2 protein chains.
Amino acid sequence: MPEATVARLPLYLRSLLEAQHANAATISSERLAELAGVNAAKVRKDLSYLGSYGTRGVGYDVEYLLFQMSRELGLTQDWPVAIVGLGNLGQALANYMGFGDRGFPIVALCDADPRVVGTEVHGVVVRHVEDLPVIAAAHGISIGIIATPASAAQDVADRLVAAGVSSILNFAPTVLSVPEEVSIRKVDLAVELQILSFYQQRRSGGPKLPPLDIPVGVED
Amino acid sequence: MPEATVARLPLYLRSLLEAQHANAATISSERLAELAGVNAAKVRKDLSYLGSYGTRGVGYDVEYLLFQMSRELGLTQDWPVAIVGLGNLGQALANYMGFGDRGFPIVALCDADPRVVGTEVHGVVVRHVEDLPVIAAAHGISIGIIATPASAAQDVADRLVAAGVSSILNFAPTVLSVPEEVSIRKVDLAVELQILSFYQQRRSGGPKLPPLDIPVGVED
DNA sequence: CGCCGCTTGTTCACGTGGTCACAAACCCTT
DNA sequence: AAGGGTTTGTGACCACGTGAACAAGCGGCG
Ligand SMILES: NC(=O)c1ccc[n+]([C@@H]2O[C@H](COP(=O)([O-])OP(=O)(O)OC[C@H]3O[C@@H](n4cnc5c(N)ncnc54)[C@H](O)[C@@H]3O)[C@@H](O)[C@H]2O)c1
Ligand SMILES: NC(=O)c1ccc[n+]([C@@H]2O[C@H](COP(=O)([O-])OP(=O)(O)OC[C@H]3O[C@@H](n4cnc5c(N)ncnc54)[C@H](O)[C@@H]3O)[C@@H](O)[C@H]2O)c1
């Protein structure tokens, strides 16, 4: 299945939940596309990777498609999550209710700062990052979230991998190297803002300054 | 310039800053590729969109490339940012130092909850979201961050657009519709976790259950 | 029972992005 | 001054993802 399709499945899932909430029994690819903000043809092609679960002339059965998609995304089981680094961001994540509700219970919190270790966040006691192997094994943790400063991120990633965690979500602005069999995804807010800045300046600044593509043939 | 290239420029920028920090005068595409975690040929092609700023046999002048790239990304000026919604996430973002340092000062905070309005976060007083037009105009805000519940996100987006904001970063798990001339980027943590879950189950669960692509000829 | 409108699933053409490979260009050494 | 080693910039090719179009299939209606 194409990576691009996988990345859209969660959007469809969310849209299906909305449709279900609105008591829709079936949904057309066009409506689903509208809810998910994509092209209808793309929706049909994506869904066809899951199997032929639609009915021509009718659409897709919302309940059934929800079940199939949840199964495909691995959401029929819970995936316990550990958060490492409980600063501003880590605490916000730990306090967020939306994860546990959706099958990603936050069962472990780790930090290296002795002032943070032992405190309680959202009902979970913060443990020392050294204890990761024991904690991970005890809870069957397979997903880890890194919310430490960039300087500590690679070390934390290594510890997570050593503890048997094979999926990592990284908020630190740095490139991590992990074994091939470990999935890694990154969320970098500074990058997002800079991308916005690029297009913003394209629009407003426009070509005020000359392109300045005159080569730097200066030395002579 | 290809969208994919634009999305990588910030990575190169960060890598160049690292190189600069390590007192490197020049840097090769290969080294830069290593730091940014991409292919070297891709680096060269990406950089060639900025102009021919390299020297064959030598590499790229770190300082000069930093300047050119900052200029291209619009980072030679500050872009004041407003955050709307100061719950868990919004407060974490407001307290984060990394944005102001990199040219994205957080100059305004808005919320709708009267218990939050008037409080101070990281030295900035939270204003009511109704006042957005005045606040935005006063500070010249062009970038807005939405950190409200999903149910309020579209309303907030409309308010931001009405206030003249033309770049939006959305943390709420919902699809927003905005005018064509407004850039929008979204960060959805639940989606990221679900993508990880998909590959996790592919690895661990593997094809334990049969593909189950037998059509649902059930009703009879 | 057959026709008609609707929606899916799939095919095809296209555009974008990624990778490879190599000539051109540069520095340094001799 | 010339040659060797190095690295850029780019052209060609390939893979992937996207969007449009359409036949096949389904339900409902007359
Ligand atoms: N806070 C935000 O809004 C925000 C925004 C964008 C990016 N980020 C990134 O997210 C990361 C965390 O940001 P933050 O504001 O929460 O930082 P923070 O400094 O508030 O918190 C970092 C936490 O990590 C802990 N830590 C440090 N080294 C550790 C180690 N080796 N093992 C375990 N824990 C360790 C610290 O004790 C601290 O509790 C940073 O990389 C930052 O760049 C944060
Ligand atoms: N906190 C997290 O770690 C986290 C993780 C993933 C996604 N999110 C998403 O980020 C968003 C914010 O999460 P949170 O945990 O901070 O939520 P929260 O409930 O803690 O805070 C939401 C804030 O938005 C304010 N608000 C509500 N309606 C508003 C309106 N119309 N105008 C202005 N402000 C309004 C509320 O008063 C509140 O202060 C949510 O959409 C959530 O799904 C948060």
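Chain A is the first sequence line, chain B the second, and so forth, proteins listed ahead of strands; every chain is numbered from 1. From a predicted model like this one, the values you see are computed outputs, not experimental measurements.
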From [atom1] of [X] over to [atom2] of [N], roughly how many Å is that when rounded to an integer?
| X | N | atom1 | atom2 | result |
| --- | --- | --- | --- | --- |
| B/Y64 | D/dT8 | OH | P | 16 Å |
| B/D46 | D/dT8 | CG | C1' | 14 Å |
| B/L65 | D/dT8 | CG | P | 11 Å |
| A/K45 | D/dA20 | NZ | P | 12 Å |
| B/N39 | D/dT8 | CG | P | 13 Å |

Distance, nearest 0.5 Å, that separates CG of B/L35 from CD1 of B/I27: 5.0 Å
Just checking [X]: base, sugar-phosphate only, or nothing, at a heavy-atom cut-off of under 4.0 Å?
| X | answer |
| --- | --- |
| B/R8 | sugar-phosphate |
| B/E3 | sugar-phosphate |
| B/A41 | base |

Pairing residues for A/R44 by the salt bridge (charged side-chain N to carboxylate O under 4.0 Å, His left out) criterion, not counting sequence neighbours: none
For chain B, the stretch of DNA chain C it reaches, first to last nucleotide, under 4.0 Å of its heavy atoms: C/dG17 to C/dC27
Exceeds 12 heavy-atom contacts within 6.0 angstrom, atom CD of A/E30: no
Set of side-chain contact (heavy atoms from CB on, under 4.5 Å) partners for A/A94, sequence neighbours left out: A/I83, A/L86, A/L109, A/V121
List the atom pairs, with distances to 0.1 Å, where a side-chain N or O of residues 155-162 of chain B and a protein N or O form a donor-acceptor pair under 3.5 Å, not counting sequence neighbours.
unit_1: B/D155; atom_1: OD2; unit_2: B/R159; atom_2: NE; d: 3.1
unit_1: B/D158; atom_1: OD1; unit_2: B/Q154; atom_2: NE2; d: 2.9

Check against side-chain hydrogen bond (donor to acceptor under 3.5 Å, both in side chains), B/S166 and B/E181: CA-CA 7 Å; B/S166 50; B/E181 69 272 15; over 6 Å; no
Per-nucleotide protein contact string for nucleotides 22-30 of chain D, where B marks a base within reach and S marks sugar-phosphate only (heavy atoms under 4.0 Å, - for neither): --BBBS---
Identified salt bridge (Lys or Arg N to Asp or Glu O under 4.0 Å) partner of A/E192 from the options B/R102, B/R185, B/K186: B/R185
Under 3.5 Å donor-acceptor, A/S70 side chain and A/L66 backbone: yes
Show me the donor-acceptor pairs within less than 3.5 Å that the side chains of residues 11-18 of chain A make with the rest of the protein, sequence neighbours left out.
unit_1: A/Y12; atom_1: OH; unit_2: A/D46; atom_2: OD2; d: 2.6
unit_1: A/R14; atom_1: NE; unit_2: B/P173; atom_2: O; d: 3.3
unit_1: A/R14; atom_1: NH2; unit_2: B/D188; atom_2: OD2; d: 2.2
unit_1: A/S15; atom_1: OG; unit_2: A/L11; atom_2: O; d: 2.9

